[in-house]
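A quick write-up on the structure given underneath.
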Amino acid sequence: MALEQKKITIDGKEYTLQKLGIREYYKFMDKLKHGEFGIVESYDFLLENVIVNPRLTLEDFEEEGVEHCEKVMAATNKFLTAKSKK
C-alpha cells in the first residue's frame with residue numbers, strides 16, 4: 001500500500017509530503033508525549049520521514065529563516081493529522 005503524498009507550496013518553495021503509516025505516526029507521538037523528542041528531534045524526524053522532496057536538514061532553512069521553517073512544519077503537522085483523501 002502506497003502512502004498518501006501531497007505537494008505544498010510555501011513562500012514560493014515546493015515540498016512533497018508523505019504520510020506516515022499509522023504505527024509510525026503513533027510511535028512518533030509517543031516519543032513527543034514522553035519527552036523523548038524535543039523540537040529539534042521532532043523536526044529532524046519530520047524532515048527525514050515526512051518531507052520527502054526536497055531532502056532537507058534544519059540547516060537548509062538558514063537562508064529562509066525560522067518563520068519559513070515554522071510554516072513548513074505547521075503545514076506538515078496539519079497534513080499528518082488530516083483525513084486521508086482515498
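Along the sequence shown, residues carry numbers from 1.
- Pairs engaging residues 8-17 under the side-chain hydrogen bond (donor to acceptor under 3.5 Å, both in side chains) rule: Asp11-His68, Asp11-Lys71, Lys13-Glu64, Tyr15-His68 [sequence neighbours left out].
- A single hydrophobic cluster is not seen to contain both Val52 and Phe61; linkage of ILVMFWY side chains at heavy-atom distances under 4.5 Å, directly or through other members, places them apart.
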Under 3.5 Å, which donor-acceptor pairs link side chains of residues 42-51 to any protein atom two or more places apart or in another chain?
unit_1 : atom_1 : unit_2 : atom_2 : d
Ser42  : OG     : Gly38  : O      : 3.1
Ser42  : OG     : Ile39  : O      : 3.0
Tyr43  : OH     : Glu70  : OE1    : 2.9
Tyr43  : OH     : Glu70  : OE2    : 3.1
Asn49  : ND2    : Phe45  : O      : 3.0

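- Ile8 is not listed as a side-chain neighbour of Phe79, based on a closest heavy-atom distance of 4.5 Å or more.
- Shown here are the side-chain contact (heavy atoms from CB on, under 4.5 Å) partners of Tyr25, two or more places apart in sequence or in another chain: Leu20, Met29, Leu80, Thr81.
- Residue pairs meeting the salt bridge (charged side-chain N to carboxylate O under 4.0 Å, His left out) criterion with at least one member in residues 18-31, sequence neighbours excluded: Glu24-Lys27.
- With sequence neighbours left out, the salt bridge (charged side-chain N to carboxylate O under 4.0 Å, His left out) criterion links Glu36 to no other residue.
- Grouping the Ile, Leu, Val, Met, Phe, Trp and Tyr side chains by contacts below 4.5 angstrom, directly or via other members, places Val66 apart from Met73.
- Asp60 meets the side-chain hydrogen bond (donor to acceptor under 3.5 Å, both in side chains) test with Thr57; sequence neighbours excluded.
- Proximity of Leu17 to Gln5: side-chain heavy atoms (C-beta onward) are nowhere separated by under 4.5 Å.
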